[in-house]
Amino acid sequence: MPPYLLVSRSAEYESRLRGLLGGRLAVVAGEFLTFGVDAVIKRVDGTPRIALLGPVLNFEETRGIARELTDRHPDIGLVVVREQRSDLEDWVDELSLHAVLSPLATDETTIELIERLSAWLVVNGRADKEDFEESDAVDAGETSDDVLAALVASPSAHPTSDVDDPVDTDRTRLGPDFDSLTQVQPEQGWEFPPLESGVLSEAIAVVAPKGGQGKTTIAINLATGLAEVAPNSVVLVDADLQFGDITAALGLVPDSTIVEAAGDAAADELVLKTALTHHDDGFFVVASAPSPEAGDAITGTALAVLIERLRATFRYVVVDTTPGLPEHTLAMLEHVTDAIFVTNMSVPSLRAMRTEFELLHKLELTPANRHIVLNQTDRLSGLTTRDVENILSAPVDVEVPRSSAVLLSSNRGVPLIHDDVRDPAAKAIRSLVMRIAPDAYPKRTRIHRRRRSNESQ
Ligand SMILES: Nc1ncnc2c1ncn2[C@@H]1O[C@H](COP(=O)(O)OP(=O)(O)OP(=O)(O)O)[C@@H](O)[C@H]1O
Ligand SMILES: [Mg+2]
């Protein structure tokens, strides 16, 4: 019976963990949660010794599975796979977890944590050493077994050998070494020199459930506007990995693309910088992949790592995305401070946007600041802004009118807000810039205050 169980919505993480644990891993796809926690539990075979929950599971889902598993298998070890976010403390306090593991942790760190917890369960009589051994022909690699044997034999691998109640999963009883289990961080060999002290980097994703709503137009002009506030400290990432067109819209010819920027070699700051293309208006661009196949090869994790790398150097990271919520966009949303949702006035687009809000809310992936942009507004659409807000069940933050200047500027390869400063669409986009950077355009008196996403949900 496989000793390790993974419940996750990330196919990418699943295949990575399968690569590490081979036949010792059983997987239940998080998608079964659509039918409730029971649907997941029913698919758990035998007695798992360690369950890894996440990534991309929300708190309620994780709590439901954790409770059911500990009811049925009181000796089980529980690991949450989740980024170190501000709410993590609550998770650790409220759930009887043994460890928190970052999905970005290296393979070495991941396997080390799993093996240490396995050893701890053996030492504390919650599992037998044989439980963790390969039971069939599938080869998980010798190293794992060797590491486990070494850990069980080593006194330093007995972090909680003084805990003799095998059923007690109370965190406070686990002793000081428990913290070293919980604090497993991704290896940050790629860290850049910090930004000016006290300055926080902001990452802003521009998303829409349907194509052609104006994401790229908004992303380009937002980066241009922010570059006026923070010259050369803005980077625009074309994460529309298959069909991104930002460099074409800006008349740039990139030497490198996101393939290099998200590659392992870009862990080195100098390599990363050579993967950026500079725009004369004072911002940098990470160009989209040169072909759809090359774009396909970039993983959600690599994209998330890229955003974090860029945030270490740039004041603002603006990310243009593919329509919808593919795995890449979900992974990326965990790493942004703001999301701009763009929709036009058509009823199908508005309904899709509402469904997207509900899904993100359920997954607890709504970024801290949400901004709704109603683009291509048109009096002849048959809908009023009030109608739109009723369909979305949320207020519209910025209305960008339909304007022929948008297409003209794009065809000229010049950002609209510099091409035609008086155009009503350009003025509306400037008000969006002010929401993100309230210090922009200080001569204006009307400063838009940001609304936290949960205030308008
Ligand atoms: N306010 C506007 N007024 C007029 N045309 C607009 C406006 N906003 C966007 N457009 C036009 O709509 C088209 C789609 O815009 P854009 O490429 O920015 O959308 P997108 O969401 O990035 O699309 P995709 O999903 O294909 O990436 C473009 O031709 C653009 O010029
Ligand atoms: Mg686009």
Side-chain angles (χ1 to χ4, degrees), residues 204-225 235-252 254 257-258 279 283 285-292 295-296 298 303 317-326 328-330 332-333 339-346 348-353 355-356 371-381 383 385 388 396-433:
I204 307 113
V206 185
V207 295
K210 288 189 177 277
Q213 306 292 300
K215 293 181 298 301
T216 302
T217 304
I218 299 290
I220 287 175
N221 285 284
L222 177 63
T224 308
V235 61
L236 172 58
V237 182
D238 194 343
D240 186 349
L241 295 170
Q242 291 194 309
F243 302 108
D245 49 5
I246 285 181
T247 45
L250 288 172
L252 296 172
T257 68
I258 195 164
H279 189 277
F283 60 92
V285 175
V286 175
S288 178
S291 68
D296 265 348
I298 296 171
L303 187 58
V317 180
V318 179
V319 191
D320 187 20
T321 62
T322 315
L325 289 177
H328 284 88
T329 305
L330 288 176
M332 190 262 298
L333 281 173
I340 296 173
F341 293 87
V342 186
T343 178
N344 63 22
M345 294 188 91
S346 81
S349 299
L350 293 165
R351 289 214 174 110
M353 175 78 81
T355 309
E356 185 160 307
H371 317 268
I372 298 178
V373 173
L374 184 60
N375 190 26
Q376 307 191 38
T377 57
D378 188 342
R379 289 213 186 105
L380 302 178
S381 73
L383 291 184
T385 306
V388 167
V396 169
D397 296 307
V398 176
E399 293 181 38
V400 181
R402 182 186 294 280
S403 160
S404 55
V406 175
L407 187 56
L408 280 175
S409 69
S410 165
N411 288 344
R412 281 161 36 81
V414 180
L416 172 72
I417 64 167
H418 284 176
D419 193 40
D420 190 346
V421 287
R422 296 218 173 111
D423 178 74
K427 287 183 179 167
I429 295 174
R430 281 188 181 275
S431 72
L432 178 65
V433 176

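One-based numbering, in listed order, for ligands and for the atoms of each.
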Problem set entry | Contact flag Thr217/the Mg ion (ligand 2), N/O/S atoms, threshold under 2.8 Å | no

For this session: Please round to the nearest 0.5 Å and tell me the distance separating atom CG of Asp240 and atom OG of Ser288.
Result: 6.0 Å

Exercise. Quick check: does any side chain N or O of Thr321 sit under 3.5 Å from a backbone N or O of Val206, one acting as donor and the other as acceptor?
Worked result: yes

Problem set entry | Under 3.5 Å donor-acceptor, Thr355 side chain and Arg351 backbone | yes

Ligand 1: protein N/O within less than 3.5 Å of ligand N/O:
residue, atom, partner, partner atom, Å
ligand 1, 1 (N), Asn375, OD1, 3.0
ligand 1, 1 (N), Pro401, O, 3.1
ligand 1, 3 (N), Ser403, N, 2.9
ligand 1, 3 (N), Ser403, O, 3.4
ligand 1, 8 (N), Asn375, ND2, 2.9
ligand 1, 18 (O), Thr216, N, 3.4
ligand 1, 18 (O), Thr217, N, 2.9
ligand 1, 18 (O), Thr217, OG1, 2.6
ligand 1, 19 (O), Gly214, N, 3.0
ligand 1, 21 (O), Gln213, N, 3.1
ligand 1, 21 (O), Gly214, N, 3.0
ligand 1, 21 (O), Lys215, N, 2.9
ligand 1, 21 (O), Lys215, NZ, 2.8
ligand 1, 22 (O), Thr216, N, 2.9
ligand 1, 22 (O), Thr216, OG1, 2.7
ligand 1, 23 (O), Gly212, N, 3.1
ligand 1, 25 (O), Gly212, N, 2.9
ligand 1, 25 (O), Lys215, NZ, 2.8

Exercise. Any idea which heavy atoms bring Asp423 and Leu416 closest together, and the distance?
Worked result: OD2-CD2, 4.0 Å

For this session: Quickly, which of Glu356, Gln213, Lys215 forms a side-chain contact (heavy atoms from CB on, under 4.5 Å) with Phe341? Name it, please.
Result: Glu356

Problem set entry | Shortest non-hydrogen separation from Gln376 to Arg402 and the atoms involved | OE1-NH1, 3.2 Å

